[in-house]
Amino acid sequence: MAAFSGAMSVEVIESGPFTTLEQVMLAGSGRPQKQIMRGFGLYNAIAAVAGTLGALLGSLPAH
């Protein structure tokens, strides 16, 4: 059901319907805007690097 509703994403960077909700929840957390933006940027950068490394490892020979 999750796949059919669009809640699953096959991309490295999440672009599903929950991204909007997460951003609104982070903005309403009461933390300074600069701290929120830095944290969200770091979160996305780590996800991109991890996804890239996973794709690289997946392309290597089995042995």
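Please read all numbers here as calculations on a predicted model, not as lab measurements.
- Apart from Leu60 itself, the hydrophobic cluster it occupies contains Leu57, where clustering links Ile, Leu, Val, Met, Phe, Trp and Tyr at side-chain heavy-atom distances under 4.5 Å.
- Of the candidates Leu53, Thr52, Ile46, Val49 forms a side chain to side chain contact (heavy atoms under 4.5 Å, CB included) with just one, namely Leu53.
- Met37 forms part of no hydrophobic cluster, judged by ILVMFWY side-chain heavy-atom separations under 4.5 Å.
- Every side chain to side chain contact (heavy atoms under 4.5 Å, CB included) that Arg31 has, sequence neighbours left out, goes to Ser29, Gln35, Ile36.
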